[in-house]
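Fair warning: this is a prediction, and the values are worked out from it, not measured in the lab. Atoms within a ligand are numbered from 1 in the order they appear, just like the ligands themselves.
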Amino acid sequence: MLSQTCQCAIQYVCRLKKRLSFTKSRTHNMPCEVTARFLILYGSQRGQAQSIAEEICEQANEHEFTADVFCLSNVEKYNVDSESRPVVFVVSTTGEGDPPDTAQKFVRKIKNKSLPQDSFSHLCYALLALGDTNYADFCNCGKTIDRRLQQLGAKHFYATGHADDGTGLEVVVDPWIEGLWEALKKVFANMSTADQQVAATSGSLSKNASSQENNRSDLAVDLHLLKLSERDSQKENTYESVQTETASTPLVASLKHSVPPLSELALNVPALPHSYLEVLLETASTEETAPADKEGYHEVPVSKAVQLTRDDSVKTAILLELDISEQNIVYQPGDSFEVLCPNRANEVEELLLRLGLQVQKNDAVQLHLLKNTSKKAAKVPPHIPQKASLQFILTWCVEIRSVLKKAFVRALANVTQNGSEKQRLLVLCSKEGSADYNRFVRDANVCVLDVLRAFPSCQPPLNLLFEHLPKLQPRAYSAASSSLQHPGKVHFVFNVVEFPECPEHPARTGLCTGWLADHFSSILQPPGTVPASECLDTSALPKVFLRPRPSSTFHLPGDPSVPIVMVGPGTGVAPFIGFLQQREKERQVNQEVTFGETWLFFGCRYRDKDFLFREELERFVHNGALSHLIVCFSRDEHDGGKMVNRSRYVQHNMILHAKSVADILLKDKGCLYVCGDAKNMAKDVNDTLLEIIGNELQIDKLETLKTLAGLREEKRYLQDIWS
Ligand code: FAD
């Protein structure tokens, strides 16, 4: 029996032969302008839709198509009003079902009610919508574009895909892309030759030029692959030894090892992603711009850090008070902020060591596009500054903890010397190895450093890291204060996220919460201390980079007499502390002000260990800012010998108070706010609301769903949830 990698190599050659024969037939039968050319448009918020769109563009070449890929915001580059080529849309959804910033203009344009009903009857398209079922309005932007294009006469040439980040985008994305090629073949086959010529030549002259260039680069890719395949087949001896090694490995699958039958299958491995960056390291002086200078971050001192939970609590919750008095920042309770924290210094050091670049860590990095790269739409990643030091880039610019995508795994396999290690990496990125990839990479949150630890012979050059590591993302935190009560200050509350040790990686804390906890440990006050209010020398305090997030709708109603229900277990109580501080202060300023009934459903594990803001909440009840504080403890089973744990979670208490909740929402035109964990709590609360509304109005499921959707639409059911 042939070893797997040997079979891989044979498959490469077969695919290559197919490609070469296509290149020939295309050259013989069609003028090169008549390549099957289509357009990809993406709307991306955090780069996922963009990288999928670019991936489709890359793969197009392998499937004998040519594609142009543009961001939806680059309106000067494309024109859907007259587009005759098939169009593939890849769009994500953000916030509360909103389009990403880059797609907003496009969505506004197609939503224009004055557009004639047949405005897009010329358009045939496919759409891949990205979303997260943990949030309301899953894939809403994609669905909106899809619905509107249909209303305006556009036709699908392939069924819409809805990919869920909650379960893993690739579960839908990979098979969707796989099916796309067949659908495109059909659509081009149905187009008359004349249509094809129009399609192929649509766009500017420069596109024609690039089309010819693409044909040439297709050939270059083929030749490159031939070399690779030859190399792979020449390594047959190594692969034979892989078999021997595999035979002696334990029969338990892990990040490092495949087991039968997977280890014996022929593999469909994705094409090697085209390299496109050249990295130069110079011992020149570096030009490092602090993140505060770019992208709207402010560097602010943290004037107070208090541990809110007891030391023996399962989770550690910390309150930070940030001094924003020197900044021009205005916020309302319910707003949130973004905090940019660096990658952990020890991980950056280990990465440098592992790449053999420790000595060069202070060198200035210059990035250029590789001449003759075959990557379509290649550009130097804008998040990597020129002439910054290597250490600075690895610390502040790229997310070194990001979970490895299959394309990155594929690229890493290519720079792995040891046969069995290379083989395992190829399995992990292959079609057949999808379940292993999901289990040992995606679900285990395996990052590049984990792979470098597990596969010692993997030696990636620096350009590979810069080509695949995404931009370091800030983390959002809700304001847990009112600026009326704390002028010049904003409070955050967070749990230090902990990931225990597992076979794939050592124990670690969440990137941002772990860093915040360490960075402010010197000023951290123990639980139960009444924070000192003396004026501290802010210049001596540790600092953090933050910027306000665009304002949300998660605010108190304009009319204080409107009744409200707040549901916020754990750190989800954060914005409600801000709401209640605001009301407390308003009451102090104006004794006459009347507040509508105000309910808070809070929950934690134990009354004595993690009841966040207990004294402050009791004070709010005492002074009338809060009418009802309903608390449950999920792990406290006994109270004075009596079993009291009937309501474990907030939704159980909502059921106990169903009549009041229903009256507030359905009779008194009140608002319901939910904040905290998106994965379980927000879903359970949503289901409970459906139950409460259905029972109260005695209506069926569909009508209940419509009623809840109506409340959402009227901004009376608001969520600020995260996973
Ligand atoms: P990260 O390192 O980013 O890890 C977090 C997630 O990554 C995990 O949930 C998991 O999915 C995954 N992950 C990474 N590594 C592993 C691993 N080894 N094993 C398993 N899973 C892993 N949080 C608060 O505490 N308080 C708030 O007030 C608050 N407000 C928010 C407001 C908004 C609008 C949003 C969007 C989020 C808010 N969050 C809040 C969440 C917060 O932004 C962060 O996501 C959270 O603090 C964790 O960040 P981190 O960098 O420590 O964790």
Side-chain angles (χ1 to χ4, degrees), residues 45-46 93-96 98 132 134-136 165-168 255 308-309 315-320 322 331 333-344 347 399-404 438-450 470 472-481 490-519 544 546-554 568-579 610 612-613 673-682 718-723:
Q45 188 71 24
R46 300 198 149 199
T93 293
T94 182
E96 292 176 37
D98 306 320
D132 188 329
N134 290 311
Y135 294 84
D165 208 10
T167 52
L255 175 63
L308 299 180
T309 44
K315 292 182 184 173
T316 306
I318 293 177
L319 176 139
L320 290 185
L322 291 83
Y331 73 94
D335 283 347
S336 50
F337 289 80
E338 291 185 330
V339 171
L340 186 73
C341 74
N343 285 310
R344 308 308 294 261
E347 291 173 21
E399 187 104 31
I400 61 172
R401 286 267 194 98
S402 60
V403 177
L404 258 67
N438 292 346
R439 182 169 163 207
F440 298 114
V441 180
R442 190 194 70 192
D443 297 349
N445 284 273
V446 160
C447 64
V448 67
L449 201 49
D450 301 326
L472 180 63
Q473 292 292 342
R475 272 50 172 181
Y477 294 95
S478 312
S481 54
V490 61
H491 294 179
F492 298 150
V493 187
F494 60 88
N495 279 324
V496 181
V497 177
E498 290 181 28
F499 306 114
E501 184 186 344
C502 63
E504 291 78 26
H505 64 69
R508 53 192 176 216
T509 47
L511 184 70
C512 186
T513 54
W515 181 83
L516 290 172
D518 287 356
H519 196 55
V544 71
L546 105 156
R547 67 181 178 196
R549 268 168 71 98
S551 198
S552 69
T553 50
F554 200 86
T571 51
V573 75
F576 306 133
I577 297 296
F579 283 9
D610 56 355
L612 310 182
F613 300 103
Y673 301 83
V674 185
C675 180
D677 165 44
K679 277 213 161 98
N680 304 306
M681 184 275 296
L718 295 142
Q719 289 180 316
D720 180 11
I721 54 177
W722 59 82
S723 46

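Counting only heavy atoms of the protein, atom 33 (C) of ligand 1 lies nearest to Ala476 CB, 3.5 Å. Nearest non-hydrogen protein atom to atom 48 (C) of ligand 1 is Val497 CG2, 3.7 Å. Residue, atom and distance of the protein heavy atom nearest to atom 46 (C) of ligand 1 are Tyr477 OH, 3.7 Å. Summary of contacts: the protein heavy atom closest to atom 53 (O) of ligand 1 is Gly510 CA, 3.5 Å. Atom 37 (C) of ligand 1 has Trp722 CB, 3.2 Å as its closest protein atom, hydrogens excluded (heavy atom only). The protein heavy-atom contact nearest to atom 28 (O) of ligand 1 is Ser478 N, 3.2 Å. Nearest protein heavy-atom contact of atom 20 (C) of ligand 1 is Asn445 ND2, 3.1 Å. Nearest to atom 2 (O) of ligand 1 among the protein's heavy atoms is Leu511 N, 2.8 Å.
Between Phe499 and His505 the shortest side-chain heavy-atom distance falls below 4.5 Å. Contact of the Trp515 side chain with the Pro342 side chain is registered, since non-hydrogen atoms from C-beta on lie closer than 4.5 Å. Using a 4.5 Å heavy-atom cutoff, the side chains of Leu546 and Phe492 are in contact.
Within the 3.5 Å criterion, the main-chain N or O of Phe440 finds no donor-acceptor partner in the side chain of Arg442. No donor-acceptor distance shorter than 3.5 angstrom exists from the side chain of Asn495 to the backbone of Val497, with no hydrogens or angles considered. Panel note: side chain Ser723, backbone Ala678; no donor-acceptor pair is recorded below 3.5 Å. A donor-acceptor pair under 3.5 Å is absent between the side-chain atoms of Gln473 and the main chain of Glu399, judged by distance alone.
Atom 11 (O) of ligand 1 is never approached by the protein to below 4.0 angstrom, counting heavy atoms only.
Between atom 50 (P) of ligand 1 and the options Cys447, Pro474, Cys512, the minimum heavy-atom separation is to Cys512. Taking all heavy atoms of Phe492, Phe554, Trp515, Phe499 into account, the minimum distance to atom 19 (N) of ligand 1 is reached by Phe499.
The His505 neighbourhood of ligand 1 comprises atoms 17 (C), 18 (N), with distances under 4.0 Å to a heavy atom of that residue. Here is the list of ligand 1 atoms found below 4.0 Å of a heavy atom in Asn495: 25 (O). Within ligand 1, the atoms closer than 4.0 Å to a non-hydrogen atom of Thr513 are 47 (O), 50 (P), 52 (O), numbered from 1 in the order shown.
Side-chain contact annotation: Asp720 with Ser336, donor-acceptor N/O pair under 3.5 Å absent.
A salt bridge (Lys or Arg N to Asp or Glu O under 4.0 Å) check over residues 501-518, counting only residues at least two apart or in different chains, returns the pairs Arg344-Asp518, Asp450-Arg508.
Note: Phe576 and Phe554 have tilted aromatic rings, judged against thresholds of 30 and 60 degrees for the angle between ring planes.
The shortest N or O to N or O distance between Asp443 and ligand 1 is not below 3.5 Å. In terms of polar-atom proximity, defined here as any N/O pair under 3.5 Å, Val493 does make such a contact with ligand 1.
With a heavy-atom cut-off of 4.0 Å, Asp720 touches ligand 1 through its side chain alone.
With sequence neighbours left out, Phe613 forms a ring-ring contact (aromatic ring centres under 6.0 Å, His included) with no residue at all.
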